[in-house]
A.B. asks: 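A single structure is presented below for examination.
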Amino acid sequence: MDKYLLIPLLPLIAFTINIIFGKGIIKERAHWIAILAVLGSFAIAVSTLIEVLNGKTINYDVYSWIVSGSFKVTVGFLIDQLTAIMLIVVTSVSLLVHIYSVGYMHGDKGYYRFFAYLSLFTFSMLMLVMGNNLLQLYFGWEAVGLCSYFLIGFWYEKKSASDAGKKAFIVNRFGDFGFGIGVIMIFLTLGALHYTDIFAKVGTLQGQTINILGYNIDLITLIALLLFCGAVGKSAQIPLHVWLPDAMEGPTPVSALIHAATMVTAGVFMVARFNPIFSLSETAMNVVALTGAITSLFAATIALVQNDIKRIVAYSTVSQLGYMFLACGVGAYGAGVFHLYTHAYFKALLFLGAGSVMHAMAGELDIQKMGGLKKHMPVTYWTFLIASLSIAGIPGLAGFFSKDEILWLAYNHGTIGKIVWLMGTAVAALTAFYSFRIIFMAFHGKFRGTHEQEHHLHESPKAMTIPLIILAIGAISAGWVGIPAALGGSNAIAHFFEPVLGHPHVTAAHEEEFMVMSISIVAAIGGIFVSWIFYSLKPEIPKTLAAKFKGIYTTLWNKYYVDELYGFIIVRPTKWIASNILVAVTDGKIIEGIVNGVPQAIRNFGERLRKLQTGHLQHYAVSMAIGLFVILTLVLIAAGR
Amino acid sequence: MVPLDWYIGLSAVIFVIGVVGFIIRRNILIMLMSVELMLNSVNISLVAFSHYLQDLRGQIFVFFIITVAAAEAAIGLAILVALFKNKAAVHTDEITEMKG
């Protein structure tokens with residue numbers, strides 16, 4: 001058996017064992033199997049990365065999945081620079097989240113189930129990133145969505161959790177509908193499913209148009225936008241971002257793994273993977289860039305006023321995902337994936353840190369009721385601080401290099417690039433502000449919760465703090481592979497990605513790059529500084545501001561009323577149709593009419609028929625005699641002719 | 001020599017008496033007797049035709065019919081006795097349990 005196959009197979013085996021034997025035999029030992037499996041995957045992923053670093057690219061088919069005439073679907077692996085990085089991100093974050101969960105999920109009655117789902121998720125995600133053809137990508141795409149649904153609704157007795165699971169699944173249907181059509185369009189126009197075949201042939205589509213309802217639409221633009229639809233759903237971009245904040249109903253390790261570090265980045269991965277298609281359509285690229293930038297700004301503004309620690313981090317995730325799309329949209333795929341990779345570490349760290357805080361606060365999520373946690377949980381505090389500095393873009397930390405690379409390449413991308421660069425810089429300031437709002441409100445100042453909670457405060461167990469520390473190391477150092485030339489580095493990661501993702505040609509001088517960099521550093525430090533004034537120095541300022549700009553504040557607090565809008569234009573009409581047409585007419589009248597009407601008709605007929613059975617012997621005799629008479633008469637008439 | 005028509009006429013008259021008796025009488029015993037009448041009317045016509053056509057097969061039929069009629073009378077009477085023991089009735093108006 002070749003080792004690449006083992007990467008996804010080990011978690012699958014762990015899932016199978018845990019789901020079958022978990023309830024009866026394994027119980028509280030479920031984590032051993034899951035952790036060993038993902039550790040194995042991680043080890044192989046590292047050795048694969050080393051091979052790829054040495055210039056090897058792996059592309060082969062393992063198994064024929066569907067064969068029907070000339071149509072053939074295979075399960076195969078393509079491991080190039082992009083996949084290798086994704087493998088490392090997925091397996092390493094997954095491994096740390098597994099270990100963290102041992103502490104976090106301790107004593108939960110669904111313990112074995114939790115680890116089984118985590119393994120299944122890891123398997124699906126690895127299939128998604130390793131696939132060498134479109135259908136396998138689609139398989140992984142839907143499978144991770146399913147796991148996400150399982151894990152958001154993990155505490156299914158809680159109504160809000162099962163609702164959030166459904167919401168995530170249904171909202172993703174919208175995106176996946178487009179994505180599915182995109183997959184079909186690619187197959188119909190190019191007749192190929194393997195990436196290599198698709199990318200070899202895609203050039204032939206250039207200039208072709210397709211007529212839809214009388215409009216001639218550029219074929220490549222259409223395909224790219226349909227694929228992007230899927231990415232919008234999976235990566236929670238406007239207008240399908242509504243599911244991600246609600247997904248925080250799931251256990252926190254799940255939020256860290258699925259809804260921050262890996263699954264939600266599948267959209268970015270997909271756009272980067274299909275960069276030969278996207279690059280051919282300027283319209284599609286601009287849509288991607290603007291969607292990313294607008295989402296980024298939009299989510300960052302919502303995050304400013306929320307009080308739920310996990311929701312702030314969730315909006316921050318939406319915002320950072322927007323950043324990655326912004327990068328892809330300006331052609332800086334490498335920078336986008338670089339940000340994906342650094343983001344995975346600091347965002348997973350933020351979530352796990354938030355989980356650690358919740359653990360200490362007995363499930364409390366409201367940062368207004370926290371404060372002064374610094375002295376009670378030093379490890380959580382310091383790691384959370386590192387993650388916040390990293391996401392804010394403080395020089396030297398991981399987030400700085402990737403964010404700066406994106407902003408710099410956006411700046412160099414013409415008019416549209418300048419626009420998104422401006423938005424991106426604004427987002428950087430906002431990000432620094434809301435990230436440090438958590439730090440100042442939750443970890444500094446006086447404790448504002450109940451006395452009971454204060455008594456209960458404690459640092460989390462080792463199983464939780466060690467992953468935090470490891471992730472903190474990642475949050476600091478993950479970006480060092482991408483130190484730009486302007487700062488004396490070699491930007492190794494950009495060159496590493498170049499064969500797959502290309503690299504935008506930049507002619508501007510280093511001076512300009514320093515200017516861009518300084519602006520974003522000023523934005524970051526400014527954000528932190530304002531946050532410090534607001535939430536540490538003069539805590540009355542936010543309240544006066546909120547009172548003064550009440551309209552803006554309530555709009556942000558209610559997340560721009562997007563949920564309400566969807567409730568009004570989609571959920572309510574759907575419910576109305578369901579109850580007044582489907583239930584009342586289709587089900588109530590038509591189906592019940594048939595199901596109940598047929599037996600009723602037979603019953604009525606029988607009711608009449610039984611009247612013949614009088615019980616009087618004479619009646620039968622008379623009918624026999626008459627019958628005989630009639631038959632004989634007819635026979636005689638017939639014979640007489 | 002009595003002509004064939006007379007035998008057929010006699011047979012028809014007895015058959016009609018049997019049918020009408022079966023229909024209008026309410027006593028099961030009488031009704032059974034009416035059934036016997038119908039069977040024997042058929043026997044008469046069979047024997048008459050047998051003689052007329054000089055073919056013995058008709059008379060062989062008659063033996064079968066007599067046998068069947070005897071068996072039928074035996075079973076019918078047995079049922080009748082059982083019925084009477086159960087319900088103390090021989091009148092068909094009183095025996096309408098099979099009404100649907």
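Heavy-atom basis, side chains included; hydrogens, waters and symmetry copies ignored. It should be emphasised that the depicted structure is a prediction, and the values quoted were computed from it without experimental measurement. A, B, ... follow the sequence lines: proteins, then strands. Residue 1 opens every chain.
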A.B. asks: Counting only heavy atoms not in B:F64 (residues, nucleotides, ligands), do more than 12 fall under 6.0 Å from its CZ?
C.D. replies: no
A.B. asks: A quick test of your reading: do over 12 heavy atoms of other residues, nucleotides or ligands sit less than 6.0 Å from CZ of A:R572?
C.D. replies: no
A.B. asks: Measure the CD1-CG distance between B:I28 and A:L617 for me, rounded to the nearest 0.5 Å.
C.D. replies: 7.0 Å
A.B. asks: Can you confirm whether more than 12 heavy atoms, excluding those of A:Y111, are under 6.0 Å from its OH atom?
C.D. replies: yes
A.B. asks: Above 12 or not: heavy atoms from other molecules or residues under 6.0 Å from CZ of A:F187?
C.D. replies: yes
A.B. asks: Relative to chain A, which segment of B:I95 carries a heavy atom at a distance below 4.5 Å: side chain, backbone, both, or neither?
C.D. replies: backbone
A.B. asks: For B:I23 and A:Q618, work out which heavy atoms get closest and say how close.
C.D. replies: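 Looking at all heavy atoms of both residues, the closest pair is O-CG, 2.7 Å.
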A.B. asks: Of the backbone (N, CA, C, O) and the side chain (C-beta and beyond), which part of B:R25 lies under 4.5 Å from a heavy atom of chain A, both, or neither?
C.D. replies: backbone
A.B. asks: Does atom NZ of A:K72 have more than 12 heavy-atom neighbours, drawn from other residues, nucleotides or ligands, at distances under 6.0 Å?
C.D. replies: no
A.B. asks: Looking at chain B, which one of A:A621, A:G615, A:A625 has the largest number of heavy-atom pairs inside 4.5 Å, strictly under?
C.D. replies: A:G615
